[in-house]
Amino acid sequence: MRKLFFSESACKETKLHSAPHSWLPLDRGGLSKSAAHASGGTSIESLMKMPEPAVLPHFKPADYVDILAQIHEELESCPPDERSCLFLLQFQVFRGLGEAKLSRRSLQSAWEKASTIHEKLIFGAWLKYEKKGEEAISDLLSSCGKCSQEFRLLDFVSQVSTGSHDMGYDEGSDEFRGSAVVHFRIRDDMIACDRRKLAALSTPLYAMLNGGFRESYLEVIDMSRNGISPIGMRAISKFSLSGRLPYLSADAILEMLDFANKFCCKGLKDACERKLASFVSSRQDAIDFMECALELGCSILAASCLQVLLNELPECLNDEQVVRIFSSANKQQRLTMVGNASFSLYCLLSEVSMSTNPTSDVTLSFLEKLVESASDSRQKQLALHQLACTRFLRKDYAEAEPLFSAAFSAGHLYSVVGLARLTSLRGNKHFALKLLDSVMSSRWPLGWMYQERALYLDGDSKLENLNKATELDPTLTYPYMFRAASLMKRQSVEAALMEINRILGFKLVLECLELRFCCYLALEDYRAALCDVQAILTLAPDYRMIGGRVAAKQLRMLVLENVEQSTTADCWMQLYDRWSSVDDIGSLSVIYQMLESDTSKGVLYFRQSLLLLRLNCPEAAMRSLQLAREHAASDHERLVYEGWILYDTGHCEEGLQKAEASIAIQRSFEAFFLKAYALADSSLEPSTSATVVSLLEDALRCPSDRLRKGQVRFLSPPRHFLNST
């Protein structure tokens with residue numbers, strides 16, 4: 001086998017294609033000669049630049065158990081209109097813990113418990129955004145006779161009530177001074193109106209037509225300078241008689257809306273708003289009407305426009321007009337647009353924008369609005385900390401410091417990390433340590449505190465703090481990576497490998513896999529290196545390694561040249577061995593390789609989804625499950641995959657339907673297991689347990705292979721493989 005590490009004389013080439021194995025010192029398509037050294041260890045050292053752990057823009061309370069218990073207690077006793085905000089807080093807590101499934105469940109609860117139409121549309125849009133790529137689920141639900149409610153647009157016209165707009169006087173008892181009919185002159189047109197009916201539209205019109213004003217005695221009133229056209233005035237006259245708007249263009253209704261706003265005609269304004277809301281069907285419609293709605297204080301129209309815009313997240317945030325609407329809205333305009341759900345709205349917008357570009361001006365403007373919208377202490381902690389993190393990433397250090405300080409003072413202990421980093425950047429590591437020590441002395445220290453403290457220390461003291469961080473919180477990634485990188489620099493490659501395996505044994509992290517890939521290269525164990533890079537590509541097909549300089553696919557091709565190719569039968573045997581020994585990363589690698597040539601892609605993608613679920617990678621698992629559905633070899637197999645898609649997204653009863661449909665076509669191990677799972681989750685009846693056991697027994701009677709042993713959701717390999725073995 002050829003080595004992947006070369007001496008300096010072998011690394012003189014300047015193009016990647018002319019030196020296929022000199023990728024380690026690669027520098028954006030060329031070679032960095034200063035990084036090309038004789039030994040493999042030194043080349044690896046050039047990759048061991050360990051960035052500091054990020055200052056996370058999450059709500060990170062000092063005691064997760066305590067805050068979750070508080071939220072639970074408050075949910076049991078709070079008024080219904082406060083529940084959505086509490087579920088949003090719960091969502092932020094789970095997001096900070098990295099619990100994707102629990103955070104989505106909280107978001108679903110916030111949507112279900114929404115007490116206003118505004119909350120309903122915000123959390124519905126948020127769920128839709130979180131489920132991007134899962135639109136196929138809506139189609140599957142439709143095939144089961146059910147619709148995914150959060151993907152639907154709300155009908156504001158019928159759901160928003162504005163109450164009664166009666167004048168509050170006995171119309172028949174009032175004696176009108178002028179004639180029964182009044183004419184309004186608009187340029188060359190004369191529009192006849194019932195004086196009494198028109199006066200009943202609002203108090204100002206009543207005062208004008210039957211008060212102490214001159215118009216009370218006039219039979220002709222000039223309205224040419226009031227911004228209303230003859231068409232609009234005739235429609236207003238008809239509305240005063242019937243209470244209904246005639247069919248008109250949007251421009252004419254906008255005229256009437258302006259008239260209603262000017263003369264305080266609440267009933268007419270409400271009718272115009274509702275009519276205009278039905279015209280909002282595109283992003284540009286929403287932009288145009290939103291400006292009018294905010295100017296005139298039309299809440300129904302504004303909410304209808306807001307729904308259309310949020311329905312297009314994240315794409316609509318690329319539109320400057322949309323961004324301007326959200327970022328320039330003042331307090332009164334926010335009240336018009338979203339009622340009292342302003343904090344929830346800007347939480348959503350900030351979340352979307354941060355995931356796209358955390359340092360953009362758009363993100364900054366939304367987070368500033370989030371701070372303005374925060375009403376209680378916990379909301380302020382989150383908003384101030386997130387804004388501080390964005391300022392920090394933008395290197396706006398002077399602006400970030402008071403924000404971190406305000407979040408810390410409000411009770412967000414984790415914000416001390418930002419203060420310590422800023423202090424260190426000014427060259428005062430000693431004061432950064434004092435900041436952390438003051439926090440740690442006031443309470444029981446946490447793992448992240450020791451990890452942060454280690455950044456300002458050197459030598460043994462640094463390692464002692466990192467070891468303590470791991471002891472208190474084994475899920476922190478940085479300590480393992482730093483220790484492994486340090487061992488690599490000391491040429492202790494095997495010890496580094498053992499260190500990085502400690503975390504990969506229970507937590508799959510791409511950066512850790514990449515570091516282990518480098519360890520295997522240093523040991524010239526190219527097959528193991530290939531295994532890790534293929535696992536990386538399974539999780540993130542577009543992943544770039546070595547500081548983002550080289551595509552993982554490119555590295556795989558280079559390593560592959562140094563590994564003996566396996567036959568299909570060999571791959572199945574390897575999969576059996578790795579699956580049986582619960583080597584999930586190894587199994588992922590074998591499946592990745594098999595998918596390049598094997599025809600049974602549906603089965604393989606399904607197995608891939610099982611492994612990814614076991615490795616706590618639900619998004620990648622869902623992607624694999626959908627690919628399994630696309631490549632299913634038969635209808636009964638496809639129905640099983642569809643059932644699992646529905647089951648994994650919380651639709652147990654619909655998953656059960658798919659299982660039964662599959663069994664009706666062909667009895668199979670997989671369909672019975674799906675039915676057992678779905679039935680167990682969809683029914684709490686005591687008798688269900690016996691039925692589930694019976695279904696599992698039916699599954700065991702169906703043909704499958706030995707790989708299913710110990711696995712619950714599992715499909716058999718191709719029949720030709722069983723015959724060959």
- Message: My understanding is that only residues two or more places apart in sequence, or in another chain, count here; which of them pass ring pair (Phe, Tyr, Trp, His ring centres under 6.0 Å) with Tyr129?
- Response: none
Side-chain heavy-atom pair [X], [Y] within 4.5 angstrom cut-off:
X      : Y      : result
Val362 : Asn357 : no
Val93  : Leu102 : no
Met256 : Leu248 : yes
Val308 : Asp285 : no
Arg187 : Pro230 : yes
Phe343 : Ser375 : no
Leu364 : Leu387 : yes
Arg629 : Leu140 : yes

- Query: Aromatic rings Phe263 and Phe259: how do their planes relate, parallel, tilted or perpendicular, breaks at 30° and 60°?
  - Reply: tilted
- Query: How are the rings of Phe59 and His412 set relative to one another: parallel (under 30°), tilted (30 to 60°) or perpendicular (over 60°)?
  - Reply: parallel
Restricting to non-hydrogen atoms, name the atom on [X] and the atom on [Y] that form the minimum distance, rounded to 0.1 Å.
X      : Y      : value
Ala400 : Ala388 : CB-O, 3.8 Å
Met233 : Phe184 : CE-CD1, 3.9 Å
Ser229 : Ile186 : O-CD1, 3.8 Å
Leu245 : Ala271 : CD1-O, 3.5 Å
Lys658 : Gly643 : CB-CA, 3.6 Å
Ala277 : Leu301 : N-CD1, 3.8 Å

Above 12 or not: heavy atoms from other molecules or residues under 6.0 Å from [atom1] of [X]?
X      : atom1 : result
Glu315 : CD    : yes
Asp66  : CG    : yes
Asp396 : CG    : yes
Ile231 : CD1   : no
Lys262 : NZ    : yes

Do the side chain of [X] and the main chain of [Y] share a donor and acceptor less than 3.5 angstrom apart?
X      : Y      : value
Arg104 : Glu130 : yes
Tyr414 : Leu56  : yes
Thr363 : Thr359 : no
Ser304 : Ile300 : no
Ser377 : Ala410 : yes
Thr336 : Cys298 : no
Lys120 : Trp111 : yes
Glu73  : Gln70  : no
Ser353 : Leu349 : no
Ser409 : Ser405 : yes

Is it true that [X] and [Y] have a side-chain N and a carboxylate O under 4.0 angstrom from each other?
X      : Y      : answer
Glu399 : Arg391 : no
Arg105 : Glu112 : no
Lys266 : Asp270 : no
Arg394 : Asp361 : yes
Arg334 : Glu372 : yes

- Output, in order, the C-alpha distance, side-chain angles, deciding distance and verdict of side chain to side chain contact (heavy atoms under 4.5 Å, CB included) for Val220 and Met190. CA-CA 8 Å; Val220 178; Met190 297 285 285; 3.7 Å; yes
- Would you please test Trp644 and Tyr641 for ring pair (Phe, Tyr, Trp, His ring centres under 6.0 Å) and show each step? CA-CA 5 Å; Trp644 282 120; Tyr641 303 149; 9.8 Å; no
- Taken in chain and number order and not counting sequence neighbours, the residues that satisfy side chain to side chain donor-acceptor pair (under 3.5 Å) with Asp288 are Gln284
- How far apart are the C-alpha atoms of Leu306 and Phe326, what are their side-chain angles, what is the distance that settles it, and do they pass the side chain to side chain contact (heavy atoms under 4.5 Å, CB included) test? CA-CA 10 Å; Leu306 178 65; Phe326 291 129; 3.4 Å; yes
- Task: Take Glu291 and Ile287 through the test side chain to side chain contact (heavy atoms under 4.5 Å, CB included) and record every step on the way to the result.
- Result: CA-CA 7 Å; Glu291 292 176 356; Ile287 292 168; 4.3 Å; yes
- Item | Counterpart residues, side chain to side chain contact (heavy atoms under 4.5 Å, CB included), relative to Asn261 (two or more places apart) | Lys269, Leu296
Distance, nearest 0.5 Å, that separates [atom1] of [X] from [atom2] of [Y]:
X      : Y      : atom1 : atom2 : answer
Leu88  : Phe91  : CG    : CZ    : 7.5 Å
Arg244 : Lys238 : CZ    : NZ    : 12.0 Å
Leu294 : Leu335 : CG    : CG    : 11.0 Å
Gln307 : Ile117 : CD    : CD1   : 8.0 Å
Met354 : Leu367 : CE    : CG    : 5.5 Å
Cys305 : Phe279 : SG    : CZ    : 12.5 Å

- Please lay out, stage by stage, how Thr203 and Cys264 fare under the test side chain to side chain contact (heavy atoms under 4.5 Å, CB included). CA-CA 7 Å; Thr203 302; Cys264 304; over 6 Å; no
- Item | Polar contact flag, side-chain donor to acceptor under 3.5 angstrom, Ser224-Asp222 | yes
